[in-house]
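These notes are about the structure you will find just below.
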Amino acid sequence: MSEANGDSLNWYVVHTHPQQEERTSVNLKTWGIETLTPKVRVNKYNEFTNKLTRMSKHMFPSYIFARFRFNTEYHRVRFTRGVHSVVTFTRTPVPVEDEIIDLLRSRTGEDGLVRRFEELKAGDEVIIKEGRFKDFCGVFDREMQDTDRVRILLNTLSYQAHVVVDRELVQKFSTARLAS
């Protein structure tokens, strides 16, 4: 993070009241202030039926990003309905680097949700990181509709088989080699 320059247009982290991220974002946009409210998809299981429900939630609960000139617009931002405060360090607001905002935007899909995993294409070589098939290599086939699961063609010594595993367990083979 860089030091604050109150006259330049910078991104700041705005702490919202609980569950007021959308309200705060809309209110700030009314003032002409650009905002970013990243969301991610999560799976939630009904505790009684164990039925899967896919929903979106805020990536950073009770926080959003807002772009404004601190010297001229801080007071307006601070007293906008839904805002608790602007995040500061030693009572000085610190701007968020544009690269961080650009990274979040680059990982945001058309549905407005931030992708948590690297993009996989049919034919990519992958490795399974955990679980029953840990360290097995295979070829990515496709994502399963409406779930966070993927279909992979496993190649073993004696046979080939399609398996369906949680997306979070799969990593591109080239990326896995770099990490180890």
Side-chain angles (χ1 to χ4, degrees), residues 1-45 47 52-121 124 126-127 129-130 143 147-148 150 166-180:
M1 296 197 180
S2 63
E3 289 186 29
N5 180 350
D7 293 327
S8 62
L9 196 57
N10 290 309
W11 286 97
Y12 296 94
V13 178
V14 175
H15 183 198
T16 69
H17 291 289
Q19 300 177 0
Q20 296 289 305
E21 300 90 351
E22 292 302 322
R23 176 187 215 176
T24 303
S25 183
V26 168
N27 289 340
L28 288 172
K29 285 178 183 177
T30 301
W31 290 112
I33 294 172
E34 186 178 1
T35 65
L36 178 64
T37 311
K39 294 181 181 180
V40 293
R41 177 167 288 143
V42 295
N43 293 333
K44 183 176 181 181
Y45 291 92
E47 63 184 288
L52 173 69
T53 304
R54 294 174 53 82
M55 53 191 290
S56 64
K57 73 174 207 169
H58 293 279
M59 188 173 198
F60 307 108
S62 296
Y63 293 93
I64 66 169
F65 298 96
R67 189 172 187 216
F68 59 94
R69 286 180 174 79
F70 186 80
N71 287 347
T72 58
E73 297 174 307
Y74 171 74
H75 188 76
R76 181 180 293 173
V77 170
R78 174 62 187 91
F79 293 101
T80 296
R81 181 170 279 216
V83 172
H84 178 274
S85 60
V86 174
V87 174
T88 62
F89 295 102
T90 63
R91 295 189 176 166
T92 304
V94 180
V96 175
E97 296 289 340
D98 288 337
E99 291 81 17
I100 294 172
I101 302 299
D102 294 341
L103 176 64
L104 284 169
R105 285 185 169 161
S106 72
R107 295 187 65 108
T108 301
E110 292 178 14
D111 55 3
L113 300 173
V114 176
R115 294 181 309 275
R116 298 179 291 169
F117 309 110
E118 62 188 324
E119 203 67 34
L120 292 174
K121 297 182 282 290
D124 283 346
V126 295
I127 187 166
K129 301 183 295 187
E130 294 177 29
E143 291 184 9
T147 67
D148 279 337
V150 294
D166 288 337
R167 172 61 182 93
E168 64 190 32
L169 301 179
V170 176
Q171 183 176 10
K172 272 189 183 177
F173 189 72
S174 59
T175 308
R177 277 189 289 159
L178 293 174
S180 55

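- No side-chain heavy atom of F70 sits less than 4.5 Å from a side-chain heavy atom of N10.
- Of the charged side-chain nitrogens involved, at least one lies within less than 4.0 Å of a carboxylate oxygen, so that E34 and R105 count as a salt-bridged pair.
- A pairwise comparison of heavy atoms in P18 and S62 identifies CA-OG, 3.8 Å as the closest pair.
- P38 and V114 make their closest contact through CB-CG2, 3.8 Å (heavy atoms, listed as atom of the first residue, atom of the second, distance).
- Checking side-chain atoms of H15 against main-chain N and O of V83 turns up no donor-acceptor pair under 3.5 Å.
- The shortest distance between side-chain heavy atoms of T24 and H84 does not fall below 4.5 Å.
- Looking only at side-chain heavy atoms (C-beta outward), Y74 and P93 stay at 4.5 Å or farther from each other.
- Remark: the backbone N or O of L103 is paired with a side-chain donor or acceptor of S106 at under 3.5 angstrom.
- Residue R67 holds its CZ atom at 6.5 Å from CH2 of W11, rounded to the nearest 0.5 Å.
- Put simply, CZ on R23 and OG1 on T37 are 14.5 Å apart, with the number rounded to the nearest 0.5 Å.
- Here the OG1 atom belonging to T80 is positioned 4.5 Å from the CG atom belonging to L28, to the nearest 0.5 angstrom.
- Taking the six-membered ring for Trp and the full ring otherwise, the centers of Y12 and F65 sit at least 6.0 Å from each other.
- In terms of modelled atom types and a separation under 3.5 Å, the side chain of T30 and the main chain of V26 share a donor-acceptor contact.
- The line from CD1 of I33 to NZ of K29 is 12.0 Å long, rounded to the nearest 0.5 Å.
- Note that CG of L36 is 6.0 Å distant from CG of L104, once rounded to the nearest 0.5 Å.
- Counting heavy atoms from C-beta on, the side chains of V13 and V96 come closer than 4.5 Å.
- None of K39, K57, H58 except one satisfies the side-chain contact (heavy atoms from CB on, under 4.5 Å) rule with E21; the exception is H58.
- In plain terms, the two heavy atoms of K172 and D124 that are nearest each other are CE-OD2, 3.3 Å.
- The closest side-chain heavy-atom distance from V77 to V86 is below 4.5 Å.
- Note that OG1 of T16 and CG of N27 are 11.5 Å apart. Values are rounded to the nearest 0.5 Å.
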